[in-house]
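The chains referred to below are lettered A, B, ... by the order of the sequence lines, with proteins before strands, and numbering in each begins at 1.
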Amino acid sequence: MINMTAFLFYVFSIVLLSAAVFVVSSRNTVHGVLFLILAFFNAAGLFILAHAEFLAMMLIIVYVGAVAVLFLFVVMMLNIQIGEIQFVIRRYSLIGSFVGVILAIELVLMLVNWHTSPGAFDLTVAPIDLQKGIPNTQALGNLLYTHYALIFQAAGLILLIAMVGAIVLTLRHREGVRRQIVGDQFAREVKDCVQLVDIPRTSKG
Amino acid sequence: MLHFYIPDLKLILPEIIITVTALLILMVGSFKKNTYPSFLRRLSHYAIIGFILALGVLVFQHHPGEKWVTFEGQIIQDDYIYFAKILVLSASAGVLAISVPSMLKDQILSFEYPALILLATVGMLLMIGANDFLSLFVGLEMQSLSLYILAALNRDQVASSEAALKYFILGALATTFYLYGVSLGYGFSGTTSFESLVALIRVESVEVLPISLFIALVFIVASFSFKVSAVPFHMWTPDVYQGCPLAITAYIAAAPKVAAMIIFLRLMVIPFMLLYGEWQSIIVFVSLASMILGAFAALRQTDLKRLLAYSTIGQMGYVLMGVAAGNDEGVQSVFVYLTIYLVMIIGTFGCLLCLRGKAFSGVQKIEDLSGISILHPKIAFILAIFMFSLAGIPPLAGFFAKFYVFKAAISAGLFSLAIVGVLTSVVATYYYIKIVKVMYFDDIPMTPSISYGEAIILSPEKIVILNLCAIFILFFFAFPNPVLELAQQAALALPN
């Protein structure tokens, strides 16, 4: 029997990479976002193979559940002209591929020359083998609420700032907006809104 | 189980005070649903009280020569950080004090303004006190995010939105540079702590260090050059300065520049000290280019805010000269320069913020200043002091700022840098003095028919701040010792 983990790894990786290629190459942008969701799921599978269940769950919940749905809305609302994009692609393809090739060469050179300092492994805050027997999520939680407590709180503050920003920049108090006010609706009585008017008989009949 | 000691929260009390003040202002503002100018002014006063309280706690808690770390080594304080925190806190309080009346005149009536300034300051304090790349990143992000929102606060104006968008996109790019650099450093060392990184670099000799560590260094230098708007990464500065409301431009020019410069210097001198030869050449180039561009590009400007933007770029070039020196004297000169820079910038913008009013939509062009020497002799006089000081005319404080930086560069053997610095400061003198000339010797324009008499906003807090700044600039030569001593202690706190 072949090694199941290796088999799954290759399946996930191949699907992930081809989905990623389709994200940038598909003509229909909605298809592009759907391929992006496929890529996220496969990346989550890779995380599970690496025993990082928490990251896998987060990827599904945050990226698929929130970010990709947001993308989908934006793409559907924007109505992008395909022809225009292709013109832009043709215009920048030469310089783009040139920069890309240079970057790739540099990255490869860097990787060839890479070495990790011998002292590095003693310095990692939470090496995985020290935490045997604890699930990944719990290990992360232990670390997040103790060692990284300050950074965790500060990240919360950053989210607060982002929320304040979103409200400041988009909330507008418009005049004449009709909002439902349930209390007023219930407090309304017949005599407030129905008025009986005697219409004098003017016709000849 | 991990061992966990509850960190000493007493040590980060200034940060806590400011955060709580910001949250209080947000709560009060959103529950009161009140947009009267007097209410917003009261909230700004709460913010200033918060700053003063934090400053008081900071000063009373600190003993000279003391050094502590908390949160498992992620936050540190010594004399260096102590001085930096004083600078950032007083700069934020000062800008808030000079800006509120003109924000009200500009119809920017959002109670989030003081709260965002407070939160940006928390970010800066965290950033300065960071002893770890992660806490540095969190602080950096907190301050930049608040600044992006502040830049976009005047959302009905296209120029303001455009400036905010440019600032946001380029700032996000700079942050990714930083993160990429840090991740490469982590790949080499397995740690994000400054001290562990320097220990690892010390173990290996510089020749066998992987090339990726140098790339990490370059990325980090690039991202901080962006934050201090030094030359190859300065493009955003003039546009953002021009587009933002004047009060917010004043804030962007003051506190964040100082915070970024201080942590930039600290990064170079603590984790990367042993790569001195590598980063020095980069910073020498950045400093040279900033000084030259700051001097020459400003010559053709007619817009006052763009001119001040190029002036900031030039000033940052001079500060980077002190960073390039990298020795005790360099660190001291950076602190002296930044202190004086802050006072000059707050003073200059304070004067400009006075010149706004009903009939007068605010100073945009340099010609707008013509004739104010007759109508507002006091404001014109104070503005002229700051201009002479920015130009570096003795005996004003700006001269001493440049003097110490040049001295540090010469003692580190960077003669070419010092020579270019002197020459560019001569060029820059032209446009600073041009402003004085326009104020004192140009005729009052007939068109547009503006009654400058109404166009002035003063408030008690603004008068206090302006007078303090002017007195500091005028009499620094007589009593330089408090600043010099603090700067010297700060320099001695760094390992060598």
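With values rounded to the nearest 0.5 angstrom, A:Ile151 atom CD1 is found 10.0 Å from B:Leu136 atom CG. Annotation: the span from B:Phe137 atom CZ to A:Ile158 atom CD1 amounts to 7.0 Å, rounded to 0.5 Å. Here the CD1-CD distance, from B:Ile16 to A:Gln153, works out to 10.0 Å after rounding to the nearest 0.5 Å.
Interface remark: B:Leu145 contributes backbone and side-chain atoms alike to the contact with chain A (heavy atom separation under 4.5 Å). The part of A:Ala155 that comes within reach of chain B is its backbone (N, CA, C, O), which places non-hydrogen atoms under 4.5 angstrom from that chain. Contact of A:Ala166 with chain B is not made at all, since no heavy-atom distance falls under 4.5 Å. B:Leu23 touches chain A through its side chain: at least one heavy atom from C-beta onward sits under 4.5 Å away, while N, CA, C and O do not. If you measure heavy-atom distances from B:Ser161 to chain A, you find no contacts under 4.5 Å at all. Residue A:Leu171 touches chain B through its backbone alone, counting heavy-atom pairs closer than 4.5 Å. Neither the backbone nor the side chain of A:Leu111 comes within less than 4.5 Å of any heavy atom in chain B.
By the neighbour-count criterion of 12 heavy atoms within 6.0 Å, atom CD1 of A:Ile102 is densely surrounded, having more than that number from other residues, nucleotides or ligands. For A:Tyr63, the OH atom counts as loosely surrounded, since its 6.0 Å shell holds 12 or fewer non-hydrogen atoms of other residues, nucleotides or ligands. Within 6.0 Å of CZ on B:Phe168 lie no more than 12 heavy atoms contributed by other residues, nucleotides or ligands.
In terms of non-hydrogen atom pairs under 4.5 Å with chain A, the most contact-rich of B:Ile12, B:Thr192, B:Leu184 is B:Leu184. Options A:Leu160, A:Ile167, A:Leu169, A:Val164 differ in how many heavy-atom pairs under 4.5 Å they form with chain B, and the most are formed by A:Leu169. Chosen from B:Leu116, B:Leu197, B:Leu134, the residue pairing most often with chain A at heavy-atom distances under 4.5 Å is B:Leu134. Ranking B:Gln74, B:Glu112, B:Glu141 against chain A, the residue ahead of the rest is B:Gln74, based on heavy-atom pairs under 4.5 Å.
Between B:Ser146 and A:Ile161, the shortest heavy-atom contact is OG-CD1, 3.4 Å. Here the closest non-hydrogen pair linking B:Leu126 and A:Ala154 is CD1-CB, 4.0 Å. Between B:Ser212 and A:Met110, the closest heavy-atom pair is CB-CG, 3.8 Å.
Looking at A:Leu109 and B:Ile211, their side chains never come closer than 4.5 Å, going by heavy atoms from C-beta outward. Counting only heavy atoms from C-beta outward, the side chains of A:Leu150 and B:Thr70 never approach each other to under 4.5 Å. Contact of the A:Leu157 side chain with the B:Thr19 side chain is registered, since non-hydrogen atoms from C-beta on lie closer than 4.5 Å.
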